[in-house]
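Below: one structure, written as structure tokens.
The figures here come from the full heavy-atom set of this structure, side chains too, leaving out hydrogens, waters and symmetry mates.
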Amino acid sequence: MGPMKGLKRKKKTEKKFDQDVLDAASAPLRSQPQPPLDWWEEFSKRISGPLSQTKNSKKFESVLKISRKTFDYICSLVKEDMMSRQSTFSDSSGKLLSLNDQVAVALRRLGSGESLSNIGDSFGMNQSTVSQITWRFVEAMEERGLQHLHWPSTEAEMQEIKSKFERIRGLPNCCGALDITHIVMTLPTMDPSNDIWFDSEKNYSMILQAIVDPEMRLRDVIVGWPGSLSDTIVLRSSSFFKLCEEGKRLNGKKVELSEGTELREYIVGDAGFPLLPWLLTPYQGKGLSEFQVEFNKRHSATRMVAQMALTRLKEMWKIIQGVMWMPDKNRLPRIVFVCCLLHNILIDMEDEVMDDMPLSHHHDTGYHQQRSESVDNTASTMRDQLSLYLSGKLPP
């Protein structure tokens with residue numbers, strides 16, 4: 001009987017130890033504010049100021065411009081990073097802000113483009129809190145959302161992209177559409193160091209270059225170059241350009257146009273870019289032949305997805321749509337990049353909120369089309385062969 005008593009005592013000790021471990025492990029969780037079951041109902045009661053006067057101000061999708069499903073997914077992405085440090089963020093009444101509260105504030109800031117003070121007034125907190133929460137969210141998304149913006153990694157994935165591009169207007173073996181847009185800023189005119197940001201349209205701006213797939217998903221982006229630089233210089237300065245020139249990208253399967261005539265992988269871009277073996281641009285000038293005009297029509301329709309994607313990006317995340325007041329030029333590229341991640345997440349989540357957005361392709365209003373005179377001879381021959389093929393005039 002002795003051993004049995006000892007065993008019982010041991011079991012009780014083990015139970016006590018297990019409970020101590022559970023208590024210790026759950027203590028940090030209890031110290032963090034947890035969202036109530038009806039989190040949005042509770043959070044929406046805080047909405048005040050001009051936002052409270054707008055139509056559907058209590059409707060989740062109207063305030064945050066994404067579905068609840070997508071919101072919950074974004075929260076799951078950033079939870080570990082945003083809550084790893086003891087949160088001291090609180091509203092004006094001293095109530096600690098939960099993860100959901102913080103993500104909602106950050107998304108409203110990025111999505112509305114409203115000032116820090118306006119966001120603070122809307123949600124009952126000071127603008128410093130809004131700023132810190134938004135930046136913590138940006139840092140977390142940079143780390144946790146990268147899987148949503150990448151170049152196709154498998155042949156099957158790339159083939160699907162090619163097939164969808166071809167269904168637009170018949171361009172075979174096309175892997176992407178390239179375009180550039182400007183993030184306009186207000187900077188002190190008396191500071192000579194700001195001159196490099198002064199672009200051809202007399203705005204201070206920062207450039208975003210993007211390569212887009214047929215579903216308007218951003219596949220490769222570069223952001224941060226000054227607006228004074230031409231589209232060609234920005235392209236040639238990108239890692240994508242280097243990879244293509246080294247044969248490490250757009251180096252997949254060729255398609256046969258006719259006997260002895262093959263077409264390599266390529267992307268399409270407007271006349272502001274150089275004509276390269278892996279980058280096809282439209283024919284320029286007057287007096288174009290019938291097959292050249294036909295090519296330009298097909299090329300323009302295919303390239304339209306990039307224009308629509310950048311327009312939707314700016315429409316959805318208005319912080320980069322308007323004129324930014326003296327932004328931190330080191331932080332701004334990171335904010336733009338996170339907006340690109342969020343743009344792709346909405347597509348990957350098949351968020352129905354996007355269905356209500358009008359489709360437009362005017363993302364750089366007031367900017368004139370740039371012209372590049374750079375022509376690669378091999379690319380010129382390739383474009384001619386493709387044009388003849390599309391017109392049914394390429395010999396079999």
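Under a hydrophobic-cluster definition in which Ile, Leu, Val, Met, Phe, Trp and Tyr are linked whenever side-chain heavy atoms come within less than 4.5 Å, directly or via other members, Val221 and Val336 are assigned to the same cluster. In the hydrophobic cluster analysis, where Ile, Leu, Val, Met, Phe, Trp and Tyr join through side-chain heavy atoms closer than 4.5 angstrom, Ile74 is grouped together with Val130. Side-chain heavy atoms closer than 4.5 Å link hydrophobic residues (I, L, V, M, F, W, Y) into clusters, and following such links, even through other members, never connects Phe198 to Val184. The cluster map of Ile, Leu, Val, Met, Phe, Trp and Tyr, joined by side-chain heavy atoms under 4.5 Å apart, puts Leu178 and Leu386 in different clusters. Under a hydrophobic clustering in which Ile, Leu, Val, Met, Phe, Trp and Tyr are joined whenever their side-chain heavy atoms come within less than 4.5 Å, directly or via other members, Met324 and Leu116 fall into the same cluster.
Partner of Phe241 under the side-chain contact (heavy atoms from CB on, under 4.5 Å) criterion, chosen from Thr232, Leu279, Leu276, Ile222: Leu276. Only one option out of Glu155, Glu262, Glu265 pairs with Lys253 in a salt bridge (Lys or Arg N to Asp or Glu O under 4.0 Å); it is Glu155.
In this structure, the side chain of Asp231 does not engage the main chain of Phe273 through any donor-acceptor pair within 3.5 Å. Between the Arg298 side chain and the Arg169 main chain, a donor and an acceptor come within less than 3.5 Å of each other. A donor-acceptor pair under 3.5 Å is absent between the side-chain atoms of Ser391 and the main chain of Lys393, judged by distance alone.
Taken to the nearest 0.5 Å, the CG atom of Leu187 stands 10.5 Å off from the CG atom of Asp195. Considering CG of Leu107 and CD1 of Ile133, their distance stands at 11.5 Å, rounded to 0.5 Å. Atoms OG1 and CD, from Thr134 and Gln127 in turn, are 11.5 Å apart once rounded to the nearest 0.5 Å. Annotation: the span from Cys174 atom SG to His299 atom NE2 amounts to 8.0 Å, rounded to 0.5 Å.
With a 6.0 Å radius and a threshold of 12 heavy atoms from other residues, nucleotides or ligands, Glu290 has its CD atom at or below the threshold. In this structure, Lys69 places its NZ atom where more than 12 heavy-atom neighbours from other residues, nucleotides or ligands lie under 6.0 Å away. Taking a 6.0 Å sphere around CD of Glu259, one finds it holds 12 or fewer heavy atoms contributed by other residues, nucleotides or ligands. Heavy-atom neighbours of Glu350 CD from other residues, nucleotides or ligands within 6.0 Å: at or below the threshold of 12. Shown here is Glu245, whose CD atom has more than 12 heavy atoms of other residues, nucleotides or ligands within 6.0 Å. The environment of CH2 in Trp197 is crowded: more than 12 heavy-atom neighbours from other residues, nucleotides or ligands sit within 6.0 Å. In this structure, Glu80 places its CD atom where only 12 or fewer heavy-atom neighbours from other residues, nucleotides or ligands lie under 6.0 Å away. A 6.0 Å sphere centred on CD1 of Ile196 holds no more than 12 heavy atoms belonging to other residues, nucleotides or ligands.
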* Take Thr381 and Asp384 through the side-chain hydrogen bond (donor to acceptor under 3.5 Å, both in side chains) test and state the conclusion after the steps. => CA-CA 5 Å; Thr381 300; Asp384 287 345; 5.7 Å; no
* **Evaluation steps, side-chain contact (heavy atoms from CB on, under 4.5 Å), between Leu235 and Trp225** => CA-CA 10 Å; Leu235 173 66; Trp225 289 103; over 6 Å; no
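For the pair Arg331 and Trp135, the cation-pi test (distance below 6.0 Å, angle within 45°) is passed. Judged by a 6.0 Å distance limit and a 45° cone about the ring axis, Arg383 is positioned over the six-membered ring of Tyr283.
Between Arg219 and Glu157 there is a salt bridge, with a side-chain nitrogen of the basic residue lying less than 4.0 Å from a carboxylate oxygen of the acidic one. At a threshold of 4.0 Å, the pair Glu114-Arg108 counts as salt-bridged, since one of the basic side-chain nitrogens sits closer than that to a carboxylate oxygen. Arg46 has a carboxylate O that lies under 4.0 Å from a charged side-chain N of Asp101, or vice versa, which qualifies the two as a salt bridge. Taking the charged nitrogens against the carboxylate oxygens, Lys164 and Asp213 have no contact shorter than 4.0 Å, which rules out a salt bridge.
For the residue pair Ser93 and Asp91, a side-chain donor N or O sits within less than 3.5 Å of a side-chain acceptor on the partner. Between the side chains of Gln307 and Thr311, no donor N or O sits under 3.5 Å from an acceptor N or O. Between the side chains of Ser117 and Ser115, at least one donor-acceptor pair of N or O atoms lies under 3.5 Å. Using modelled atom types, one finds no donor on one side chain facing an acceptor on the other under 3.5 Å when comparing Ser380 with Asn377.
Pairing each heavy atom of Val78 with each of Phe137, the nearest pair is CG1-CE1, 4.1 Å.
Aromatic ring orientation, Phe71 versus Trp39: parallel (interplanar angle below 30°, classes split at 30° and 60°). Using cut-offs of 30° and 60° on the angle between ring planes, the pair Phe123 and Phe43 is tilted.
Annotation: salt bridge (Lys or Arg N to Asp or Glu O under 4.0 Å) contacts of Lys248 (sequence neighbours excluded): Glu246.
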